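The structure presented is a predicted model; accordingly, all values stated were derived computationally and were not measured.
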Amino acid sequence: MDGTPLKEEDLKKVNTIVYKPNAKYAYSAGQAYSKFLLGLKEKKIIGRKCNKCGRVYVPPRMYCDDCFRPTDEWVEVKDEGIVETVVASFISWTRERIEKPEIVGVIRLFPSRDKDWVFPGLFHRICADFEDVKNMSLFGKKVKAVWREERVGSINDIECFKVIE
């Protein structure tokens, strides 16, 4: 096919079935994400460290992508970091157009120990204005997590990351 939409007369030549499945999904967070989510409930960001290369994976992984070996230990990282990437989204999480954009990006969190290196970063909302995205002033800014009062063990236990000086 060349990508040209089918014409109505072409559709009559093809047997088509219109069906919307009533699919139900169940997803298990697994060992790494379960511990991560339980940590968020306690206002802690938990990662998984590879002692060979020093990487701390947040969100945690049970296997080091760099060394090709199992990670070694659970570590807590700070709820502060640096904005690595940022974008303004005019589409909501439910795929609807929104007037005020949601500001999201990747936050490289600070390790608890100096020799550790947190990788790859946490993709989350950033408490900022659209102007901050347009003028690119958020890149490299130091941010801190704004925790919800009531936490349930969800990524949304962190409301957003707010710029700190």
Side-chain angles (χ1 to χ4, degrees), residues 25-98 100-165:
Y25 295 94
Y27 178 78
S28 171
Q31 182 181 2
Y33 272 70
S34 293
K35 181 124 178 152
F36 174 70
L37 294 171
L38 289 171
L40 293 177
K41 190 174 183 178
E42 303 299 320
K43 289 174 90 171
K44 295 178 182 178
I45 301 176
I46 306 293
R48 191 83 181 145
K49 182 178 181 185
C50 172
N51 288 332
K52 183 175 179 188
C53 67
R55 272 189 190 184
V56 176
Y57 288 95
V58 176
R61 298 181 190 164
M62 298 305 289
Y63 202 81
C64 180
D65 292 345
D66 197 46
C67 298
F68 304 108
R69 59 185 289 281
T71 52
D72 300 292
E73 63 180 306
W74 296 102
V75 295
E76 183 178 346
V77 301
K78 296 179 181 176
D79 66 352
E80 296 178 354
I82 299 291
V83 176
E84 293 280 314
T85 66
V86 65
V87 67
S89 175
F90 285 90
I91 299 181
S92 75
W93 299 106
T94 55
R95 300 184 317 256
E96 298 164 339
R97 173 101 170 116
I98 53 178
K100 183 180 178 201
E102 186 121 44
I103 311 302
V104 294
V106 175
I107 313 300
R108 180 165 311 230
L109 298 168
F110 295 140
S112 295
R113 297 177 274 192
D114 288 337
K115 293 186 179 187
D116 292 342
W117 183 58
V118 179
F119 177 83
L122 196 59
F123 179 75
H124 213 292
R125 289 182 289 279
I126 300 172
C127 309
D129 294 322
F130 182 46
E131 287 302 315
D132 297 328
V133 177
K134 285 190 341 187
N135 65 26
M136 299 176 59
S137 66
L138 288 174
F139 290 97
K141 290 285 188 180
K142 187 175 178 183
V143 291
K144 182 170 178 52
V146 176
W147 295 92
R148 294 195 187 275
E149 193 68 34
E150 290 187 37
R151 294 170 306 283
V152 296
S154 159
I155 192 65
N156 291 318
D157 288 347
I158 299 174
E159 188 174 321
C160 62
F161 282 84
K162 184 175 184 169
V163 175
I164 56 175
E165 298 304 320

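In this structure a side-chain-to-backbone donor-acceptor pair under 3.5 Å is present from D72 to N51. Between the side chain of R125 and the backbone N or O of E159, at least one donor-acceptor pair lies under 3.5 Å. Panel note: side chain S34, backbone A29; no donor-acceptor pair is recorded below 3.5 Å. N135 places a side-chain N or O within donor-acceptor distance of the main-chain N or O of S137, the cut-off being under 3.5 Å. Looking at T71, its side chain does come within 3.5 Å of a backbone N or O of M62 through a donor-acceptor pair. Checking side-chain atoms of R95 against main-chain N and O of W93 turns up no donor-acceptor pair under 3.5 Å.
I98 CD1: more than 12 foreign heavy atoms inside a 6.0 Å radius.
Contact record, F110 with V118: C-CG2, 4.1 Å, taken as the closest heavy-atom pair. The minimum heavy-atom distance between P60 and W74, with the atom names listed, is CB-CZ3, 3.8 Å. Between I126 and T85, the closest heavy-atom pair is CD1-O, 4.4 Å. Of all non-hydrogen atoms in C64 and Y57, the two that sit nearest each other are SG-OH, 3.3 Å. Taking every heavy atom of both residues into account, A145 and I158 meet most closely at CB-CG2, 3.9 Å. Between Y33 and P59, the shortest heavy-atom contact is OH-CB, 3.3 Å.
Here the OG atom belonging to S89 is positioned 7.0 Å from the CD atom belonging to E102, to the nearest 0.5 angstrom. The line from NZ of K78 to NZ of K144 is 10.0 Å long, rounded to the nearest 0.5 Å. In this structure, the separation between NZ on K141 and CD1 on I107 is 13.0 Å, given to the nearest 0.5 Å. Taking NZ of K44 as the start and CD of E76 as the end, the distance is 5.5 Å to the nearest 0.5 Å. Residue F68 holds its CZ atom at 10.0 Å from NZ of K52, rounded to the nearest 0.5 Å. Annotation: the span from K41 atom NZ to E150 atom CD amounts to 11.0 Å, rounded to 0.5 Å.
Among residue pairs with one or both ends in residues 124-164, those qualifying as ring pair (Phe, Tyr, Trp, His ring centres under 6.0 Å) are F90-F130, H124-F161; sequence neighbours excluded.
Taking 4.5 Å as the limit, every side-chain heavy atom of I103 sits out of range of all side-chain heavy atoms of D132. For the pair D66/C53, a side-chain contact is recorded, criterion being any heavy-atom separation below 4.5 Å from C-beta on. Two residues are said to be in side-chain contact when any heavy atoms from C-beta on lie closer than 4.5 Å; V133 and V87 fail this criterion. L109 is not listed as a side-chain neighbour of D79, based on a closest heavy-atom distance of 4.5 Å or more. Between K49 and E73 there is a side-chain heavy-atom pair separated by less than 4.5 Å. Residues L122 and I155 have side chains in contact (heavy-atom distance under 4.5 Å, counting atoms from C-beta outward). Residues V143 and I82 are not in side-chain contact: their nearest non-hydrogen atoms beyond the backbone lie 4.5 Å or more apart. Counting only heavy atoms from C-beta outward, the side chains of P120 and R61 approach each other to under 4.5 Å.
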